**Q** 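Can you keep this structure in mind? I'll have questions shortly.
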Protein chains: 2
Amino acid sequence: MKVTLSALNTHESSFTPLVVIELAQDVKEETKEWLKNRIISRKKDGGAQLLFRPLLNKYEKETLENQNLYLVGASRIRLLLGAEAVGLVKECSDNTMRAFMYGTRHNFKGFDDDNDDFLTMAERQFIIKHELESLRARDEKMIPGYPQAKLYPGKSLLRRLLTSGIVIQVFPLHDNEALKKLEDTWYTRFTLKYQPIDSIRGYFGETIALYFGFLEYFTFALVPVAVLGLPYYLFVWENYDKYVVFASFNLIWSTVILEVWKRGCASMTYRWGTLVMKRQFEEPRPGYHGVLGINAVTGREEPLYPSYKRQLRIYLVSLPFVCLCLYFSLFVMMIYFDMEAWALDLHENSRSEWTSILLYVPSIIYAIVIEIMNRLYRYAAEFLTSWENHRLESAYQNHLILKVLVFNFLNCFASLFYIAFVLRDMKLLRQGTFDDYLELFLQFGYVSLFSCVYPLAAAFAVLNNLTEVNSDALKMCRVFKRPFSEPSASIGVWQLAFETMSVISVVTNCALIGMSPQVNALFPESKADLILIVVAVEHALLALKFILAFAIPDKPRHIQMKLARLEFESLEALKQQQMKHVAENLKEDWREGGKEEAPSPRGAPHARTHAAQPCSGAAAAQPGTWANRQLPGLPSR
Amino acid sequence: MKVTLSALNTHESSFTPLVVIELAQDVKEETKEWLKNRIISRKKDGGAQLLFRPLLNKYEKETLENQNLYLVGASRIRLLLGAEAVGLVKECSDNTMRAFMYGTRHNFKGFDDDNDDFLTMAERQFIIKHELESLRARDEKMIPGYPQAKLYPGKSLLRRLLTSGIVIQVFPLHDNEALKKLEDTWYTRFTLKYQPIDSIRGYFGETIALYFGFLEYFTFALVPVAVLGLPYYLFVWENYDKYVVFASFNLIWSTVILEVWKRGCASMTYRWGTLVMKRQFEEPRPGYHGVLGINAVTGREEPLYPSYKRQLRIYLVSLPFVCLCLYFSLFVMMIYFDMEAWALDLHENSRSEWTSILLYVPSIIYAIVIEIMNRLYRYAAEFLTSWENHRLESAYQNHLILKVLVFNFLNCFASLFYIAFVLRDMKLLRQGTFDDYLELFLQFGYVSLFSCVYPLAAAFAVLNNLTEVNSDALKMCRVFKRPFSEPSASIGVWQLAFETMSVISVVTNCALIGMSPQVNALFPESKADLILIVVAVEHALLALKFILAFAIPDKPRHIQMKLARLEFESLEALKQQQMKHVAENLKEDWREGGKEEAPSPRGAPHARTHAAQPCSGAAAAQPGTWANRQLPGLPSR
């Protein structure tokens, strides 16, 4: 049920700008007029009903000749109606989390008709972005002025404008005052303190806040491992028992911290409303295309694309492509090791200065090749994921991340695995590159995969992350373009990636312990017995890990209860809605003379008659209707 | 919102009996009168409002002197209202699955005021059972006539009557005509045909129908394994490659059939309504006790028991107890093997007739001890699970099954593991004991765990199951007391058990292949290399298994869509309910003189005024309200 808001004035010349649209320098006036028109015109006319004006030069009060920067904003009411349309969830006065509705706005905590703080800046910008993205072609066959930029009914205008180069970019504005305030509490002080996660969420949205939340959590979680690893490094402990203790601790640690994060994350995103927000009921992401039809779930008109076609694209194209790339990457790695062996051989035979320089050549070539492969692969992964045509932004992101992740994992760790298990050169392994989660993921890999060999990894990771928090915060506030907020309820596929990594780490750590000379010395006569014992221990640890992950609930009990309460209330509301419909239908039958009135069933002859009475309040109607069914029956004995 | 039905006449002397209550022989008249009273009196007076009469002797038309069998039934309307109370889900005329409500009864497919077939017999009996179980003590301190049978507010009367021996049993009646019809389509013909799962569900309920459904599915699923196993047995194929093929096939087979069952089960239970039925919102099971309070989810008054106390009982008492029993069971097994070795030793030394009889003694003693231990353990498991105080019948069942399962698994397979991996006696392993799912589970274990060594296991399992279907059906219809139906959406914890078994089977099959002399012959010089290769293959197969289980969705897409549609509609209904509440509140404010009317926000000055208008139809109200918000604004350009 889409809201039509023909009432809002979208011609105000002064408003709080939220989002900037940058057009190409040579865009035709015709196109600009058309775009402006679509942005400000009413919803029912296919517009977004937003506010729109050119960015004025600081010194001149007039619009520039070749104006290509435009500001987009919205009136307060428009934003609130937009919040309802995107399905934002806010806390009610009775402490429940409810989908925001303009009609029930006074039920929500912190709402005041004169107060602008009800929606965070990140939410307001997200709403504008959503409204701009929801602008879809109607009867236009092309973008006016650009016959080559074809349109068809349902095509996202913004996406076509971007792909045809008419719109260069769309980005949210910074708010200098708010940013200064955020910075003051975030990273300017060098004292160790918790990050202002809620303020970060207010300014940058949930996705960024979850990243910093995870970074902080992960850093704290690493401390025990770092502390436990220090004595292993300092005293060069190398006995078998102590390593088994370290590896067992690592295993339980990695399982428990990931489970505890899930619970903490659920508590946090419940408070933010994103856990309850049903993003799958939203409109599709702008890149999604298909034949215009009716969504079977929401009943809204939107492009439809059959899921089996997507599955075919994933399993028959993307998956083989990724496998091929992984194979190629391993192939390159083997060439590198061969080249290195050849260079070393050459150097040992001639021992000239020329050959000692040659020693570095394989590493340099390999590093350059890896970098080129990484870039090509990322480009291909983005193309393929986009081509897979996912309906939800989260599904798109998850599939993209998964592709990039697997490739990066292989590139980062394959050589380490090769060194550890084929070359068995522990010294080489102990020497020890990293965007955002990927960096943390690889770090988690370094800390957990080879913790036995390199117990200091966690300590360095903690030190790295402490500076990482500040540098990432600085980059976020000062270096990068402000990103649009993306409401999210969890770290998505990253959770899976970290969990998979922690499973792999059990295997590697057990293998490393089994390969250590100390342990080998315990089984001088039979290597087979040693391997069998290591494998048995590894299976027991893996079983323990799965039982632990299964036994710890993913959501704290109070969150489970609140979600169950919401589900119960929704289903009850649905029942009452149906009751109302029946009552209304009967009312109409009644008006038509009650001709379809069947003989009343025994026991409650007036039941239908009563149900047929008009009930003005659905919520209060049901018990009322039942109560009406009382008959002057016999006393019960 | 509980329905009060003071209108129903509960004094009819002739009715269709559904359930029998058997009292003890010497129950006082006072108690009988009280019980009858509670069963027939009105809901608002704390009764169940059912129909109740003594069972009449066939020849005499009068009640017997020492009557101890009573029949319970209910009027048609009472049953329909009970169906609403238990939350039965039925199909509507628009093909959606909806919680049945008496008020909306005409919306449901197959409903007719003159037709008794709308509720299956199993459902009617389940409703009666539910209503009898929901009879809870109010101000009674004890059961009248039995001062030792204490009651407290909220205590289930039926449970106290059963525990104090006043009620011997409560059971559903058979319907000879319907039973005959069911039998005719089920098991009397010896042709191979699909079982009438929907008819079984109609007569016995979902739990029984799912068992037979699973038995049938599992038998069909075994056929390929049986066929593939035959040549291995007949031609005594023993080469390495062929065993690897068989083991790999087994692995993919066991993973895929379990995933496919989940999907088929979801389709079936969606059709039956139990997949959508929210049993967690029901009243607690009769055995559940606690302090009377308000359920935070449903808002109903019921006994409450803190979940942390339950967790403590599970982890600090039940879990250690189970572990101890498992340890004891292993200990007994070791004694058995020692005894057997001693008897064999004795026999080989003396070779007398006396010692050859002695050879059977350890097995006989072990079988008797195992049987005694099994019975004691099952009694203890039931006591502990009951003491854990689970709120839902399904949680109780799952915890009980898990306890029994682990113990049975150990008792059945520990000796096989010992024979296979410690004694390494493959001949002994190849000789090859089976209630219902447990039997299938153990069968699945035999088929999958040691399939490499005994390829004929699947073929025998298929033959066994083909007769099993008929004998189980006969037992169900003719031998056992008819069980109460228990609506269920899946086979519960059994799914987990089968999945765990299939993981274990990967490990055992790999180990068995690795131990085979043929494979050992391939690595004459290094046993360590052989073990490493087997472990690597095993890890790759396990990884494949987890990826496969992850990649196959648990519910078919059309079921996912329908569930999403239900969730979407529920949430929309909740929104509209809230809108209605706001509208009603405003209406009241309005009547009080509109004194709290705040200045209207710019842009939509009349918004609240309009929202405050009485809206008679919540469903149609929202768009209406929005539409009302139109202002004679400026044209959009």
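Just so it is clear, the structure is predicted and the values come from calculations on it, not from any experiment. The basis for the numbers below is simple: all heavy atoms, side chains too, and nothing from hydrogens, waters or symmetry mates. Letters A, B, ... are given to chains in the order of the sequence lines, protein chains preceding strands, and every chain is numbered from 1.
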**Q** Just give me the residue among B:Val297, B:Leu542, B:Leu532 that pairs up with chain A most often, heavy atom to heavy atom, under 4.5 Å.
**A**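 Top option by heavy-atom pairs under 4.5 Å: B:Val297.
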**Q** Sort A:Leu80 into side chain, backbone, both or neither according to what part of it lies under 4.5 angstrom from a heavy atom of chain B.
**A**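 Neither part.
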**Q** Under 4.5 Å from any heavy atom of chain B, what part of A:Phe550 do you find: side chain, backbone, both or neither?
**A**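 Only the side chain of A:Phe550 comes within 4.5 Å of chain B.
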**Q** Measure A:Glu538 against the heavy atoms of chain B and call it side chain, backbone, both or neither at under 4.5 Å.
**A**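 For A:Glu538, side-chain heavy atoms alone lie under 4.5 Å from chain B.
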**Q** So which part of A:Ala551 gets closer than 4.5 Å to some heavy atom of chain B, the side chain, the backbone, both or neither?
**A**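 Both backbone and side chain of A:Ala551 come within 4.5 Å of chain B.
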**Q** Taking the side chain as everything from C-beta on, heavy atoms only, tell me whether B:Leu571 gets closer than 4.5 Å to A:Leu574.
**A**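 No. Closest side-chain heavy atoms not under 4.5 Å.
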**Q** Which distance, rounded to the nearest 0.5 Å, do you find between the OG of A:Ser526 and the NZ of B:Lys527?
**A**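 That separation rounds to 7.0 Å.
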**Q** Counting heavy-atom pairs closer than 4.5 Å to chain B, which one of A:Ser307, A:Ala511, A:Ala99, A:Gly47 comes out on top?
**A**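 The option with the most such pairs is A:Ser307.
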**Q** Between A:Met561, A:His539, A:Lys562, which has the largest tally of heavy atom pairs under 4.5 Å with chain B?
**A**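 Heavy-atom pair counts peak at A:His539.
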**Q** Fit a plane to each ring of B:Phe568 and A:Phe281, take the angle between them on a 0 to 90° scale, and name the class: parallel (under 30°), tilted (30 to 60°) or perpendicular (over 60°).
**A**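 Taking A:Phe281 first and then B:Phe568, their aromatic rings stand perpendicular (interplane angle over 60°).
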**Q** Check whether any side-chain heavy atom of B:His106 sits under 4.5 Å from a side-chain heavy atom of A:Val582, and report yes or no.
**A**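 Not in contact.
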**Q** May I ask you to check whether B:Gln577 and A:Gln576 show a side-chain donor-acceptor distance below 3.5 Å?
**A**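 Present: a donor and an acceptor within the cut-off.
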**Q** If I measure from the heavy atoms of chain A, does B:Val503 come under 4.5 Å with its side chain, its backbone, both, or neither?
**A**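 Interface part for B:Val503: neither.
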**Q** Quick one: closest heavy-atom pair of A:Gln578 and B:Cys92, and the distance?
**A**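 The answer is NE2-SG, 4.4 Å.
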**Q** Under a 4.5 Å heavy-atom cut-off, does chain A meet the side chain of B:Tyr315, its backbone, both or neither?
**A**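 Contact with chain A: side chain only.
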**Q** Quick one: CD on B:Glu567 to NZ on A:Lys278, what's the gap to the nearest 0.5 Å?
**A**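 Taking CD in B:Glu567 and NZ in A:Lys278, the distance rounds to 4.0 Å.
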**Q** How long is the straight-line distance from OG1 of A:Thr104 back to CG of B:Asn585, given to the nearest 0.5 Å?
**A**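 The CG atom of B:Asn585 sits 11.5 Å away from the OG1 atom of A:Thr104.
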